[in-house]
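Atoms considered below: every heavy atom in the structure, side chains included; atoms not considered: hydrogens, waters and symmetry mates. In what follows, chains carry the letters A, B, and so on, assigned in the order in which the sequence lines appear, proteins first and then strands, with residues in each chain numbered from 1.
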Number of protein chains: 2
Amino acid sequence: MVQYESPPLDLSFAALSDATRRGIIDQLGRGDASITSLADKFQMTLTGMKKHVQVLERAGLVVTQKVGRVRTCKLGKRGLKAEAEWIEAHRRLFEARFEALDEIISEMKQEGSDD
Amino acid sequence: MVQYESPPLDLSFAALSDATRRGIIDQLGRGDASITSLADKFQMTLTGMKKHVQVLERAGLVVTQKVGRVRTCKLGKRGLKAEAEWIEAHRRLFEARFEALDEIISEMKQEGSDD
DNA sequence: TATACACTGAACCATATGGTTCAGTATGAA
DNA sequence: TTCATACTGAACCATATGGTTCAGTGTATA
């Protein structure tokens, strides 16, 4: 029996699982943007865009600040460090598995039913 | 107006957004496993575990093979390359943003309402 | 052959997601 | 003051998620 938690990774990977939200990050990399300008760019209602931004904000990937009537979104200082670390560590894990001898052997004598 | 797609990243990031599934990848890194052994290790019903494995399989992160009555799960050869690339590219993007001059300036003269 | 084991599928449940519309509120400009 | 802009919140909708139970099916084993 093993225990696993770490909500931050849950939130950020979930945030990254949507193409629109990855696009928003792309866009904010080219400069800060208001909700309205993002909504225009991604052909979506203001309300819809606000929800996406909130998801990114909860994940710490984006920070927003409202000045006057416009809310400006920018990339969060938190960055993607934790995510990069998890991915890198496990990418090595994947590779290690395939270099293992028993893998090569079972690859050679590969038979048996599948579905 | 911008168009964004790429279902593979959608699927894999979504798969990685659950701590149990990240744990399964961890576990498979230490050796192949049956649905039953995974279900035991994560204190979950067989049916529940099967669903998690299916999510990982759809994302290409895990492959399974049924021999006799046991379905063996192993890490997929696809790996985490595409995910690592996206994360790395955007991690640099985050950092570039913070090195930009206007960031430093606006950080200094930081005022204005927030919520 | 009888029994146990490993999985599978259908059905259900509560909650979350990704989107919308509609009706505000607050702010800036004329 | 009036009007447009920029956002906000509530409500709704269809679908997905993460889990369960229950009733199978197929495969080993005694």
Is the shortest side-chain N/O distance from B:R71 to OP1 or OP2 of C:dT8 below 4.0 Å?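 Yes, because at least one side-chain N or O of B:R71 sits under 4.0 Å from OP1 or OP2 of C:dT8.
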Tell me whether the OP1 or OP2 atom of D:dT8 has a side-chain N or O from A:K66 closer than 4.0 Å. yes
Starting at [atom1] of [X] and ending at [atom2] of [N], how long is that distance when rounded to a whole Å?
| X | N | atom1 | atom2 | answer |
| --- | --- | --- | --- | --- |
| B:F42 | D:dG18 | CZ | P | 14 Å |
| B:Q43 | D:dG19 | CD | P | 12 Å |
| A:K51 | D:dC13 | NZ | C1' | 10 Å |
| A:L46 | C:dA23 | CG | P | 17 Å |
| B:F13 | D:dA16 | CZ | P | 21 Å |
| A:K50 | C:dA23 | NZ | P | 20 Å |
| A:Q54 | D:dG9 | CD | C1' | 10 Å |
| B:D40 | C:dC5 | CG | P | 12 Å |

Residue mapping more 5' on DNA chain D - nearest nucleotide basis, B:M44 or B:R58: B:R58
Just verifying a value: how many Å separate A:S12 OG and B:I87 CD1, rounded to the nearest 0.5 Å?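 So the gap between those two atoms works out to 7.5 Å.
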Among the nucleotides [options], which one has an atom lying closest to any side-chain atom of [X]?
| X | options | answer |
| --- | --- | --- |
| A:R21 | C:dT27, D:dG18, C:dG18 | C:dG18 |
| B:R69 | C:dG18, D:dT27, D:dG19 | D:dT27 |
| B:T45 | D:dA6, D:dT20, D:dG18 | D:dT20 |

For the pair B:R91 and B:E88, find out whether any cationic side-chain nitrogen is under 4.0 Å from an anionic carboxylate oxygen.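 Judged by the 4.0 Å cut-off on N to carboxylate O distance, B:R91 and B:E88 do form a salt bridge.
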When you check the gap from the basic side-chain N to the acidic O, do B:R78 and B:E83 get nearer than 4.0 Å? yes
Consider only side-chain heavy atoms of I, L, V, M, F, W and Y, link residues closer than 4.5 Å, and tell whether B:L93 and A:L28 are in one cluster.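 Yes: a chain of side-chain contacts under 4.5 Å links B:L93 to A:L28.
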Can you label the angle between the B:F13 ring and the A:F13 ring as parallel, tilted or perpendicular, going by 30° and 60°?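 Ring orientation, 0 to 90° scale: parallel.
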Within the structure shown, what part of the strands sits under 4.0 Å from B:T47 by heavy-atom distance: base, sugar-phosphate, or nothing? base
If you look at every strand shown and take non-hydrogen atoms under 4.0 Å, does B:I35 touch a base, only sugar-phosphate, or nothing?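 Touches sugar-phosphate only.
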